[in-house]
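For reference, the structure discussed in these notes is given below.
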Amino acid sequence: MTADDWIADLHLAPHPEGGYFRRSYAAALMVMLPERAGPRPVATAIYYLLKSGQCSRLHRLKSDELWHFYAGSPLTVHVLDHRGEYVVQRLGPDPGAGQHFQLAIHAGCWFGATVDDPVSFSLIGCTVAPGFDFADFELADCATLIGQYPQHALLIESLT
């Protein structure tokens, strides 16, 4: 199947960070977190598709997020961790090539992603716990992030 086939079949819509998504699950059980306004589901999940030439722009969440590989090309996840270190993780179907079927991105880390194959796409799933709410989502501002992490300016410019 092509990227457009998956987008149509899964009823995906454009995502503000880039790519396409649709929420596929939200737990009925809700939790109140003192540092957040309003309740959150204990977990949520989405389908997420990124085409070659697109990127998942640098962003961060207030919850941990698990990424799961489903189809298409391997994907490179670019993370600026809590220490300001640049960490590269690869999501894909070949553990022998250093790829993982799933990976975790910790709350508060800046991260974005790119498709490895220049003429393909990556279809993944993302699970967030406590559950995702756009109030807990922050897109990076290029100038502000470069001010904090000037050693990663090229990466930040390419993913903002």
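Within the 6.0 Å centre-distance limit, the rings of F137 and H59 are counted as a close aromatic pair.
Proximity of F134 to D136: side-chain heavy atoms (C-beta onward) are nowhere separated by under 4.5 Å. At a threshold of 4.5 Å between non-hydrogen side-chain atoms, the residues C55 and S158 do not count as touching. Counting heavy atoms from C-beta on, the side chains of R90 and L75 never come closer than 4.5 Å. Residues T127 and E65 fail the side-chain proximity criterion, which asks for heavy atoms closer than 4.5 Å. Residues H100 and P95 fail the side-chain proximity criterion, which asks for heavy atoms closer than 4.5 Å. No side-chain heavy atom of H106 sits under 4.5 Å from any side-chain heavy atom of D81. Put simply, the side chain of L12 does not reach to within 4.5 Å of the side chain of F21, judged on heavy atoms. Using a 4.5 Å heavy-atom threshold, the side chains of L61 and F132 count as touching.
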Verdict with supporting geometry, D64 and V128, side chain to side chain contact (heavy atoms under 4.5 Å, CB included):
CA-CA 6 Å; D64 287 353; V128 179; over 6 Å; no
Worked verdict on L154 versus H152 for side chain to side chain contact (heavy atoms under 4.5 Å, CB included)
CA-CA 6 Å; L154 291 177; H152 303 302; over 6 Å; no
Could you walk me through whether D9 and M1 pass the side chain to side chain contact (heavy atoms under 4.5 Å, CB included) check?
CA-CA 10 Å; D9 286 357; M1 290 179 56; 2.9 Å; yes
Determine, step by step, whether C109 and H82 satisfy the side chain to side chain contact (heavy atoms under 4.5 Å, CB included) criterion, reporting the C-alpha distance in whole Å, the side-chain angles of both residues, the deciding distance to 0.1 Å, and the verdict.
CA-CA 6 Å; C109 291; H82 293 99; 3.4 Å; yes
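With 3.5 Å as the limit, one finds a donor-acceptor pair spanning the side chains of R36 and S63. No side-chain donor-acceptor contact under 3.5 Å links D116 and S73.
Classification of D133 and K62 as a salt-bridged pair fails, no side-chain N sitting under 4.0 Å from a carboxylate O. At a threshold of 4.0 Å, the pair R57-E17 does not count as salt-bridged, since none of the basic side-chain nitrogens sits closer than that to a carboxylate oxygen.
A side-chain donor-acceptor contact under 3.5 Å links S52 to the backbone of D117. Looking only at distances, no side-chain donor or acceptor of T44 sits under 3.5 Å from a matching main-chain atom of A26. Formation of a donor-acceptor pair under 3.5 Å by the Q102 side chain with backbone atoms of H68 is not found in this model.
Apart from I146 itself, the hydrophobic cluster it occupies contains L58, L80, Y86, V88, W110, L145, Y149, L155, I156, L159, where clustering links Ile, Leu, Val, Met, Phe, Trp and Tyr at side-chain heavy-atom distances under 4.5 Å. By the 4.5 Å side-chain criterion applied to Ile, Leu, Val, Met, Phe, Trp and Tyr, Y25 is assigned to no cluster and stands alone.
Hydrophobic clustering (side-chain heavy atoms under 4.5 Å, transitive across Ile, Leu, Val, Met, Phe, Trp, Tyr) groups V42 together with L33. Residue Y47 is grouped with residue W6 when hydrophobic side chains (ILVMFWY) are merged at heavy-atom distances under 4.5 angstrom, including chains of intermediate members. Hydrophobic clustering keeps Y20 apart from V77 (ILVMFWY residues linked when any side-chain heavy atoms are closer than 4.5 Å, directly or through intermediates). Linking Ile, Leu, Val, Met, Phe, Trp and Tyr whenever their side-chain heavy atoms come within less than 4.5 Å puts L91 and V115 in one cluster. Tracing side-chain contacts under 4.5 Å through hydrophobic residues (I, L, V, M, F, W, Y), one reaches L49 starting from L10; they form part of the same cluster.
Nearest heavy atom pair, residue M32 against residue G38, reads SD-C, 4.0 Å. Minimum interatomic distance between G18 and L50 (heavy atoms only, all atoms of both residues): C-CD1, 4.3 Å.
With rounding to the nearest 0.5 angstrom, the CD1 atom of I7 is 4.5 Å from the NZ atom of K51. Taking CZ from F121 and CG from L123, the interatomic distance works out to 6.5 Å, rounded to the nearest 0.5 Å. With values rounded to the nearest 0.5 angstrom, M30 atom CE is found 8.0 Å from R40 atom CZ. Between atom OG of residue S122 and atom OH of residue Y70 there is a gap of 13.5 Å, rounded to the nearest 0.5 Å.
Between W67 and F111, the two ring planes are perpendicular [angle over 60°; tilted spans 30° to 60°].
Residue-environment remark: CZ (F69) exceeds the threshold of 12 foreign heavy atoms within 6.0 Å.
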